[in-house]
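See structure below.
Residues: numbered from 1 along the sequence shown. Hydrogens, waters and symmetry mates play no part in the numbers below; they use all other heavy atoms, side chains included. Both ligands and their constituent atoms are indexed starting at 1 by order of listing.
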Amino acid sequence: MQYTIKMPRIEDGKAMWAIARDTNVLDTNSPYAYLLACTHFKATSAVALKDGEVVGFTMAYTLPDSPERLFVWQIGVHPAHHGNGIGLSMLIHLVTRENCSHITHLDATISPENTPSNNLFKKLATVLDTIISNEPYFNQHHFPSGNQIEHYISVGPIKNKTKEEII
Ligand SMILES: CC(C)(COP(=O)(O)OP(=O)(O)OC[C@H]1O[C@@H](n2cnc3c(N)ncnc32)[C@H](O)[C@@H]1OP(=O)(O)O)[C@@H](O)C(=O)NCCC(=O)NCCS
């Protein structure tokens, strides 16, 4: 693949923010939130680079009460680079990263209407030879806009043996 995937650096925060904005799908968090992903959560986050430019990012953290679960807060790929395998590669990169060897599940919340994202996580489950669960989590009463719904999805169990096989 023509893309390099690595841990984010503090200099990548601005580009991550801009990609989130340019997807027209993701909530654009504050620039500060992306800087935290590049610092506090860099060990569990990733950026995809092409010719040194950030074209995709995944910000994720381990759940404080369940550190074996890696929760993907946001994943975004610049629209010009969709469909090139970047999203899937970033997720595989994270679950196979040396410091993530203890991770057994990769979790996220997704709108049921977000077909690309739902298919991305289903594809990850297939590649990892495991299952994906999906259940309602945040409903319209939890959001100020009153029309957003998010389901909790979980991909796993991800066995270390599986990780070794896909590297
Ligand atoms: C979701 C997103 C990150 C996918 O990134 P991507 O690099 O384009 O995805 P990949 O090329 O790695 O695709 C992996 C799989 O995802 C699914 N997929 C990706 N884009 C899809 C689309 N437009 N329609 C349907 N399925 C899609 C497919 O199953 C694909 O596997 P395949 O190519 O073998 O069919 C990207 O579409 C994006 O940034 N969307 C806007 C932000 C967003 O919705 N983020 C997720 C919020 S939870």
Are there any protein N or O atoms under 3.5 Å from the N or O atoms of ligand 1? List them with distances, or say none.
residue	atom	partner	partner atom	Å
ligand 1	7 (O)	I86	N	3.4
ligand 1	7 (O)	G87	N	2.8
ligand 1	8 (O)	G83	N	2.8
ligand 1	11 (O)	N84	N	3.4
ligand 1	11 (O)	G85	N	2.7
ligand 1	12 (O)	G87	N	3.3
ligand 1	12 (O)	L88	N	2.9
ligand 1	26 (N)	N119	ND2	3.1
ligand 1	34 (O)	K123	NZ	2.3
ligand 1	39 (O)	V77	N	2.8
ligand 1	39 (O)	V77	O	3.4
ligand 1	39 (O)	H82	NE2	3.3
ligand 1	44 (O)	N114	ND2	2.7
ligand 1	45 (N)	I75	O	2.8

Task: Pairs touching residues 106-132 that satisfy salt bridge (Lys or Arg N to Asp or Glu O under 4.0 Å), sequence neighbours left out - done: R69-D107

Open item on the list: If I take atom CD1 from residue I75 and atom CZ from residue F121, how far apart are they, to the nearest 0.5 angstrom?
Closed with: 5.5 Å

- [ ] Anything under 30° is parallel, anything over 60° is perpendicular, the rest tilted; go ahead and classify F41 against Y61.
- [x] tilted

Open item on the list: For Y34 together with F57, are the ring centres under 6.0 Å from each other?
Closed with: yes

Open item on the list: To the closest 0.5 Å, what do you measure between NE2 (H102) and CG (N160)?
Closed with: 10.5 Å

Open item on the list: Counting the benzene-type ring for Trp, do H81 and Y3 have ring centres under 6.0 Å apart?
Closed with: yes

